[in-house]
Number of protein chains: 2
Amino acid sequence: MRSRPSLRWIGIVVALGIQGGSAKAQEPAGKAKEERPQDRTPGRGAFTPPLISPEVFPDRRVTFRLRAPNAKEVTVSGEWGGGARAMTSDESGTWTVTVGPIDADIYGYSFSVDGFQTLDPGNPAIKPMRSPRTSTLEVPGDPPRLHEFQDVNHGTVRVHEYRSRSLDRKRGLYIYTPPGYDQDPGARYPVLYLFHGSGDNEATWTAFGRAHLITDNLLARGKAKPLVIVMPDGHAAPSRPSGVPAEGRSRNVVAFERDLLDDVMPFVEANYRVRSDPASRAIAGLSMGGGQSLTIGLNHPDQFAWVGGFSAAVFDPERSIAPALANPTGTDSKLRLVWIACGKDDRLIENARQFSAVLKEKGIRHEFQTTEGGHSWPVWRRYLEEFVPLLFVEKP
Amino acid sequence: MRSRPSLRWIGIVVALGIQGGSAKAQEPAGKAKEERPQDRTPGRGAFTPPLISPEVFPDRRVTFRLRAPNAKEVTVSGEWGGGARAMTSDESGTWTVTVGPIDADIYGYSFSVDGFQTLDPGNPAIKPMRSPRTSTLEVPGDPPRLHEFQDVNHGTVRVHEYRSRSLDRKRGLYIYTPPGYDQDPGARYPVLYLFHGSGDNEATWTAFGRAHLITDNLLARGKAKPLVIVMPDGHAAPSRPSGVPAEGRSRNVVAFERDLLDDVMPFVEANYRVRSDPASRAIAGLSMGGGQSLTIGLNHPDQFAWVGGFSAAVFDPERSIAPALANPTGTDSKLRLVWIACGKDDRLIENARQFSAVLKEKGIRHEFQTTEGGHSWPVWRRYLEEFVPLLFVEKP
């Protein structure tokens with residue numbers, strides 16, 4: 001076959017008889033560059049060395065760099081706080097600032113270029129979002145923090161697309177399997193359904209939340225039971241402006257619940273070796289996803305015995321968890337854990353208190369923690385580190 | 001356990017005795033918004049509806065939208081060609097343009113905001129790159145094209161991080177397993193090692209190249225043998241400016257080859273059910289990755305019997321494939337397929353001709369196609385569609 005060139009494609013098969021002619025000077029590597037669908041930034045020369053941004057120093061100070069020769073004002077701001085920091089430009093139009101020292105953690109950050117908010121084009125690590133304007137800064141800890149890649153056994157993150165029959169469209173789905181999953185085809189695992197926030201998508205809990213590395217590290221320390229984690233796309237209703245009131249939000253919860261119960265869970269149970277008894281199923285989420293996990297979880301205690309809400313956007317409990325409250329004793333008796341946490345600086349804290357109060361009034365046992373922090377990912381990673389070790393543990 | 005709040009975390013456990021007080025009005029959903037590490041774009045009001053961009057119409061025209069109230073000039077340009085298209089602003093600072101009709105395909109595109117090149121913040125589909133400035137436009141075909149998600153059986157894309165002992169650092173690795181892989185634990189599969197270009201990373205062949213969907217669709221049509229595809233990170237040497245000459249490039253090939261042979265392949269063969277005889281191993285890549293696949297493949301015919309180079313950045317064959325040329329008859333006898341293709345508008349076309357001529361002169365049989373197109377992904381998706389059906393097929 002090798003000697004018979006294929007004619008199937010649109011291409012022209014060129015006879016192999018072409019001679020190379022005179023020895024050609026070595027091509028400069030720049031010639032191999034992919035055609036870029038872009039305007040050249042004015043002022044760029046033929047060769048511009050790439051910028052390193054962010055650059056993290058051993059003392060945990062961080063330098064950000066951005067090339068923007070036409071800009072008049074550039075700032076950087078991130079989840080480490082302190083607001084926007086002005087950057088200064090050199091003659092070539094490279095803007096720089098050094099911030100910190102910053103606590104070891106993972107942070108989102110953005111540049112503002114004359115008021116236009118953008119991610120860092122020098123940094124391939126992007127926070128997966130519906131509106132991508134945020135890059136990822138990782139400041140490593142010494143010793144490493146629980147969300148960092150460490151030399152332990154690692155699980156696998158698996159990326160799926162599936163056609164949701166409930167929603168009649170293609171959807172994305174990320175699934176974590178623990179270390180050893182492929183090596184023991186006889187084992188069956190408990191499963192955590194884990195939901196993201198309104199700005200995120202199905203990739204955010206791993207790429208930015210590091211749910212897979214947190215779990216790897218907990219398992220390596222013997223602090224958690226091996227489990228499968230299922231991370232669906234939380235945006236089930238046709239997209240609506242954020243900032244509109246809860247009518248749209250409930251439409252989304254309704255659509256999401258249908259997709260979860262009728263499409264995602266059957267897909268997972270057909271394709272993964274997970275247990276399907278309620279005592280082996282947990283459901284949790286953050287912000288919008290916390291609203292989803294608390295409402296779906298509490299309303300279906302016959303499906304999920306372990307429920308978590310991280311800074312949950314859950315409103316109007318009398319209505320949103322009406323099925324759970326209709327038979328609170330029955331609900332309570334089926335649940336193994338209801339774990340609710342919210343930061344004291346979170347705009348949803350009063351909401352969380354109200355939700356907890358309703359549960360208490362009805363006699364539905366739960367843990368409710370008010371923690372340091374606000375409505376942000378550094379808090380949610382810590383919540384996951386706290387929550388996963390509680391799951392699937394026998395009562396003493 | 002549920003009734004004993006944990007004290008392990010930094011948080012303060014709040015007694016469950018808090019009463020909700022008077023019924024609170026339902027929180028507006030906007031309150032649940034994550035704290036964003038950003039400056040507000042000046043001129044934004046309290047609520048701004050999200051933009052839809054890109055919007056693809058049934059006639060294959062496409063509207064792009066960008067909010068940039070401070071900008072003086074905004075353009076969009078993309079792989080569909082025709083250069084930068086000016087966009088026009090309305091009073092609120094939303095810039096718009098409609099282009100096309102555009103042929104059904106997948107294209108990278110970028111905005112230029114007063115000369116600052118950026119991806120589309122209204123579009124979550126980003127082309128994975130070392131320098132992320134490019135978004136993804138998919139114009140669906142009727143009938144669907146081979147790279148589109150269709151209602152067929154789907155494989156899985158698996159995301160790994162591993163510590164490369166050769167390179168002494170953490171690296172990323174994407175692996176595609178075909179439909180049915182998990183259902184038949186007795187089956188073993190042939191494997192294609194598939195490499196990306198210099199601007200890309202290990203995610204690009206799936207997220208943007210759609211290698212997984214192309215393979216799903218070929219398999220569903222009976223046009224390919226089920227196979228595993230391994231997509232490593234092609235940047236193995238410490239990062240160097242692009243545009244420097246081949247000395248840096250060869251350093252990268254050397255480091256990449258070591259990581260591939262000593263870390264990636266042992267990892268794959270320990271964790272996946274792949275066959276390890278050379279007749280069951282293929283190696284291919286595009287641009288920089290084509291240079292890697294041609295040099296590593298031709299120099300190791302005892303490891304790989306199937307070799308592909310797509311618009312390969314391969315220079316100085318007398319040196320780069322010296323081991324292959326030292327015993328050309330031996331090399332030729334071990335290879336089952338050497339498939340080389342390059343677009344006639346590609347700046348590397350003369351290079352490809354020269355490489356083919358050297359192989360021909362030495363009697364190393366190969367296919368060499370000159371096709372329509374330049375140095376771009378729409379060409380490389382077609383090459384993969386052409387190449388995968390040729391693999392692991394018995395000689396007649």
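Chain identifiers are assigned alphabetically (A, B, ...) following the order of the sequence lines, protein sequences preceding nucleic acid strands; residue numbering begins at 1 within each chain.
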Can you check whether B:Pro121's main-chain N or O pairs, donor with acceptor, with A:Ser131's side chain at less than 3.5 Å?
yes
If the threshold is 4.0 Å, N to carboxylate O, is there a salt bridge linking B:Lys72 and A:Asp114?
no
Separation of A:His160 NE2 from B:His212 NE2 (nearest 0.5 Å)
11.0 Å
For B:Arg158 and A:Ile175, what are the C-alpha separation, side-chain angles and deciding distance, and is it a side chain to side chain contact (heavy atoms under 4.5 Å, CB included)?
CA-CA 9 Å; B:Arg158 303 172 192 228; A:Ile175 298 181; over 6 Å; no
Which bit of A:Leu359 is near chain B, if near means a heavy-atom gap under 4.5 Å: side chain, backbone, both or neither?
neither
Just give me the residue among B:Leu119, B:Val157, B:Asn123 that pairs up with chain A most often, heavy atom to heavy atom, under 4.5 Å.
B:Val157
Heavy-atom distances under 4.5 Å only: say whether B:Asp151 touches chain A with side chain, backbone, both or neither.
side chain
Where does B:Pro185 contact chain A at under 4.5 Å (heavy atoms): side chain, backbone, both or neither?
neither
Of the backbone (N, CA, C, O) and the side chain (C-beta and beyond), which part of B:Leu213 lies under 4.5 Å from a heavy atom of chain A, both, or neither?
side chain
Find the distance between CD (A:Gln150) and NZ (B:Lys170) and round it off to the nearest 0.5 Å.
11.0 Å
Under 4.5 Å to a heavy atom of chain B? For A:Thr156 that would be both
Heavy-atom closest contact (B:Pro132 atom, A:Asp120 atom, distance):
CG-O, 4.0 Å
Which heavy atom of B:Glu161 sits nearest a heavy atom of A:Phe149, and at what distance?
CB-CE1, 3.5 Å
For A:Tyr162, is it the side chain, the backbone, both, or neither that has a heavy atom closer than 4.5 Å to a heavy atom of chain B?
backbone
Is B:Tyr174 close to chain A through its backbone or its side chain, or both, or neither, when contacts mean heavy atoms under 4.5 Å?
neither
Out of curiosity, A:Arg67 CZ to B:Gln117 CD, how far, rounded to the nearest 0.5 Å?
12.5 Å
Toward chain B, the part of A:Glu318 with a non-hydrogen atom under 4.5 Å:
neither
Just do the side chain to side chain contact (heavy atoms under 4.5 Å, CB included) check on B:Asp182 and A:Asn271 with the steps written out, would you?
CA-CA 8 Å; B:Asp182 281 322; A:Asn271 290 287; over 6 Å; no
Would you compute the distance between atom CZ of A:Arg133 and atom OG1 of B:Thr118 and round it to the nearest 0.5 angstrom?
8.0 Å
